[in-house]
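Below, each value reflects all heavy atoms present in this structure, side chains not excepted, and no hydrogens, waters or symmetry copies. Below, read A as the first sequence line, B as the second, and so on, with proteins coming before strands; counting in each chain starts at 1. Please read these numbers as outputs of a predicted model, since none were measured by experiment.
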Amino acid sequence: MDFAVFWIAAGVAGAAAINLIFQSKPINSVLSLVVVLFALAVLYLQLSAEFIAALQIIIYAGAIMVLFLFVVMLLNLNQDQFGSNRKPGLRSFGVLIGGTLIIEISLIARAFVSSSPTDGQVVAAEFGSVAQVGRLLFGEYLLPFELTSILLLIAVAGALVLAGKREEAQPPEERS
Amino acid sequence: MIPLSHYLLVSAVLFGLGTVGVLISRNLITILMSVELMLNAANLALISFARWHADPGAHVFVFIIFVVAAAEAAVGLSLVIAIFRRKNTVDVDELNILKG
Amino acid sequence: MLNTIWLIPVFPLIGFMINGLFGRRLTRYGSGVLGCLTVFASFILSLLAMLFLGEGPHRFTLAEWIVAGRFTVSFGFLLDHLSAVMAVTVSGVAFLIHVYSTGYMAQDERFSRYFAYLNLFVFFMLVLVLADNFLLLYMGWEGVGLCSYLLIGFWFQKDSAANAGKKAFIVNRIGDFGFALGIMLIFWKFGSVYFPEVFAAAPEMFVPGDTLVTAICLLLFLGATGKSAQIPLYVWLPDAMEGPTPVSALIHAATMVTAGVYMVARCSVLFALSPTALLVVAIIGAATALFAATMATVQNDIKRVLAYSTISQLGYMFLACGVAAFSAAIFHLMTHAFFKALLFLGAGSVIHALHHEQDLRHMGGLRKYLPATFLTFGVATLAISGFPGLAGFVSKDEILWSSFASPLGGVAFWVVGVLTAGLTAFYMFRLFFLAFYGKSRFSEETATKVHESPMSMTGPLVILGILSFVGGWIGWPKVLGGGNSFEHYLAPVFAAAEELLPHGVNHAHSTEFLLMGLSVGIALLGFIWAYRWYLRGSTAPENLKNKFPAVYRLVQNKYYIDEFYHLVIVRPIVGGSRWLWKYFDELVIDGSVNGLAAFVRQLGQAGAQPQNGYFRGYAATFALGSVAVLAWLIYVLS
């Protein structure tokens, strides 16, 4: 049962990821990424990370991906503007590098992590629950947690500055 | 029951596919999404190790990575919008004015 | 009171800074008054310092300057009778010349700049005479050289003025190089550069005639020949006349050029230890005196006559130093400052009146146009010629007598000195008659414009005229019933040197009278000669010129010394430099630098190739790097 769920989720994630990178239209890529995120959430649940699985759905799929979707629709790109005609040489080169990376990481994973079951150790029922992670966040990791709020504030300010429309500050189109 | 290496293999595959996406895509938005994919691959590895060590601390890291991803997406997409306004394109091969 | 001596040079420095920095904001009146007042303050302070000095020397250290191991130098000032006399003379004459300059330079565009330079010069000159160590003296020495350069080339729009400035600077470098070597030798031997320490240690360290002390003295004297325009480095002084005339009066007659004499007198102890060096000083001095006097007889430029005369008089001073009559040298230095400054200022007045006409052949009959200038110039001419009773007579006679009577002197020195005295009378009266008597040789149009100079110019002339008259009386010789008080005043300074020197035999007073009469007689002969040739309109000079054209040309062209130097020193240096420039500088230095630059450029261009601006290229490189690192990790760990 567990294996079946794992393989189905992993297969869906991998297939959606491949679809993501080879789709020419951005809108399709966004939707593929949402599928990957859902599949990963399943894996998180299997690893008894309930809180993270929920956040994955709510924040990642719900908020961040909506942001992507929003931008794709806002720009409403046509074929010329996002340039789907990829150079074949660089394409195979990229695939070669990515493939090598996969093999190398797998080698490391196989050689230095024993193939013992992931859930070999017995954990309490509340492992990965909102309560447990919440205690960690507001206890041991309070300072990093608070710092994330500053990071988000800066990101908001940066996004406003970058994307905000300022007509008078528009320099001429091409300078080079 | 499921060996740790299985999860790590899935993580490696997703990470490699993200790298391929960054390298072969010319669309800035797709590149950003590939970067998100790589972040998720790292998240999966973290969660797997958390279960294996029976240590929930890694969950906090994943949480923080979510925040970073959100910030990165916000700023990155703002840049995409700003570039699109200036150059009317999101093709990275058109954006080469920094050449030496 | 005496601890304020450091203020003496500081006042002109303040004047320099204000005039130099804010000169444009000041009016001409403000610049002039500021320049004069600061120097006047120095003069008053110098006078007070002289009055309060009393017996012994006084040292005051303002601040440490350089402290490096056992080498220490401070901004220390030494006030003794010698430096007091020098400070009073320098600041007094400088003040009069500042006042004169306000009239002479009134039309100049860079009026405040001129006063800034002049104040700076006075500052350095006072540092020079008041320093208590060799290095501070050297600083003043170089500083006055700098100001001399700046002021000679003050009208740098003229090529000749700019070149004269450069010539003065470069020729002085040669002398200063020797001076610097001398100072280094002194430090190496004594471990100190302070005058009192060095002079106290010298008699114990050396036996008279030691080679090292001779070397030190000759090197110091080389510096003096540069600064004081003696053979062989005198060539810059006649050219220095390109500067404004008050500058010639202050720097190239009264003060700076006498710095060499002051320095030799200051180091009298060292020179007393080396009879050889003293002999060299005396010979150079005597030779310069005679040599320059002959050249002065044929010059037609009024300032050049005076320039050669200055060289000749400086030769007298060195002759006095050479026969160990240091106080006589300083005495003549002082009186010469009065009457030579007066001569230059009078010449300036003439030049001013004639609108920058300097050629004697275009003057004449100025007596009725410029009465005040005529009178004062006459006094100065009499004084320099040695007319009995005037300043020049007393000091010159002292030198002549010393050169005869001193155990280091001799009849030869006396003969050269007296010959020079006769020539001096001749060329000075030639100048005087050509300029002030006879018929006017300038155009009618000029004649209507000739006018006496303003009060600011004639005032200093009159004061200097009085000083030229009575200035010698403070050193009136014993044989004429005086007390020779000047020599007694300076005696403590030279006491140490006197002890090291052999004592002369006492000569009879009748001998002194006889020699005095002889020298006056020969000067009178020079006067009569000039009178007959230039006032009576004799054709003798023309005849002589036609009879000995070669001799005349030789003297007229200053014995071709300039041409000789040019051929022997300047041309080889220029040629060698040109060769180095063409073959060493351009090929080796420039080649290596350009080669390195070209190499770096190639490297940069090669490095710029991957920087093609394509984002995916960078990302691919980055990913490739990760792959390589991981591969290495697997290889190492497995």
Verdict with reasoning, Trp52(B) to Leu47(A), per side-chain contact (heavy atoms from CB on, under 4.5 Å):
CA-CA 9 Å; Trp52(B) 192 61; Leu47(A) 291 163; over 6 Å; no
Would you check, one step at a time, whether the test side-chain contact (heavy atoms from CB on, under 4.5 Å) holds for Phe145(A) with Ile64(B)?
CA-CA 7 Å; Phe145(A) 177 67; Ile64(B) 291 170; over 6 Å; no
Take Tyr141(A) and Phe63(B), measure what ring pair (Phe, Tyr, Trp, His ring centres under 6.0 Å) needs, and give me the verdict at the end.
CA-CA 11 Å; Tyr141(A) 296 98; Phe63(B) 175 83; over 10 Å; no
Quick one, Val36(A) with Asn40(B), criterion side-chain contact (heavy atoms from CB on, under 4.5 Å). Give me CA distance, side-chain angles, the key distance, then yes/no.
CA-CA 9 Å; Val36(A) 175; Asn40(B) 272 292; 5.7 Å; no
Report the C-alpha distance between Leu77(B) and Phe70(A) in whole Å, list the side-chain angles of each, state the deciding distance to 0.1 Å, and finish with yes or no for side-chain contact (heavy atoms from CB on, under 4.5 Å).
CA-CA 10 Å; Leu77(B) 289 170; Phe70(A) 181 73; over 6 Å; no
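When heavy atoms are compared at a cutoff of 4.5 Å, Leu55(A) approaches chain B by way of both its backbone and its side chain. Interface residue Leu17(B): backbone and side-chain heavy atoms are both found under 4.5 Å from chain A. With a threshold of 4.5 angstrom between heavy atoms, Val10(B) approaches chain A through side-chain atoms but not through N, CA, C or O. Heavy atoms closer than 4.5 Å to chain A are found nowhere in Val22(B), neither backbone nor side chain. The parts of Glu36(B) that come within reach of chain A are both its backbone and its side chain, each placing non-hydrogen atoms under 4.5 angstrom from that chain. Both the backbone and the side chain of Ile52(A) come within less than 4.5 Å of a heavy atom in chain B. Residue Ser78(B) touches chain A through both its backbone and its side chain, counting heavy-atom pairs closer than 4.5 Å. Using a 4.5 Å cut-off between heavy atoms, Val30(A) contacts chain B through both its backbone and its side chain. Interface remark: Leu40(A) contributes side-chain atoms only to the contact with chain B (heavy atom separation under 4.5 Å). For Leu32(B), the parts lying near chain A are the backbone and the side chain together; criterion is any non-hydrogen pair under 4.5 Å. Interface remark: Ile103(A) contributes no atoms to any contact with chain B (heavy atom separation under 4.5 Å). Within the 4.5 angstrom heavy-atom criterion, only backbone atoms of His53(B) (N, CA, C, O) approach chain A. Heavy-atom distances place no part of Ile83(B) under 4.5 Å from chain A, backbone and side chain included.
Nearest heavy atoms, Ala69(B) versus Tyr60(A): CB-OH, 3.2 Å. For Pro3(B) against Phe3(A), the heavy-atom pair with the smallest separation is CD-CZ, 3.8 Å. Shown here for Ile102(A) and Ala12(B), the closest heavy-atom pair between the two residues is CG1-O, 3.5 Å. When every heavy atom of Ile21(A) is checked against every heavy atom of Gly21(B), the shortest pair comes out as CG2-CA, 3.4 Å. The two residues Gly94(A) and Ile24(B) make their nearest non-hydrogen contact at CA-CG2, 4.0 Å. Among all heavy-atom pairs drawn from Leu75(A) and Phe84(B), the shortest one is CD2-CD2, 3.4 Å.
A donor atom on one side chain and an acceptor atom on the other are not found under 3.5 Å apart for Asn43(B) and Gln56(A).
For the pairing with Phe68(A), the side-chain contact (heavy atoms from CB on, under 4.5 Å) check across Thr30(B), Ile29(B), Val80(B) returns one residue only, Ile29(B).
The shortest distance between side-chain heavy atoms of Phe93(A) and Leu23(B) does not fall below 4.5 Å. Put simply, the side chain of Ser106(A) does not reach to within 4.5 Å of the side chain of Leu8(B), judged on heavy atoms. Side-chain contact between Leu136(A) and His59(B) is absent, with no heavy-atom pair separated by less than 4.5 Å. Between Val123(A) and Arg51(B), the closest side-chain pair of non-hydrogen atoms falls below 4.5 Å.
A distance-only check finds a donor-acceptor pair linking the side chain of Arg85(B) to the backbone of Ala163(A) [under 3.5 Å].
Between Phe6(A) and Tyr7(B), the ring centre distance stays below 6.0 Å.
Across Pro56(B), Ala45(B), Gly16(B), the residue that shares the most heavy-atom pairs under 4.5 angstrom with chain A is Pro56(B). The candidate from Thr19(B), Leu9(B), Leu44(B) with the greatest count of non-hydrogen atom pairs under 4.5 Å with chain A is Leu44(B). Heavy-atom pairs under 4.5 Å with chain B peak, among Ile105(A), Ile59(A), Ile64(A), Leu37(A), at Ile64(A). When the candidates Asp55(B), Ile31(B), Val92(B) are compared by the number of heavy-atom contacts under 4.5 Å with chain A, Asp55(B) comes out ahead. Of all the listed residues (Val68(B), Ile81(B), Val67(B)), the one sharing the greatest number of non-hydrogen pairs under 4.5 Å with chain A is Val67(B).
Taken to the nearest 0.5 Å, the OG atom of Ser24(A) stands 9.5 Å off from the CG atom of Asn27(B). Interatomic distance, Ser48(B) OG to Leu43(A) CG, rounded to the nearest 0.5 Å: 8.0 Å.
No more than 12 heavy atoms of other residues, nucleotides or ligands sit less than 6.0 Å from atom CZ of Phe61(B).
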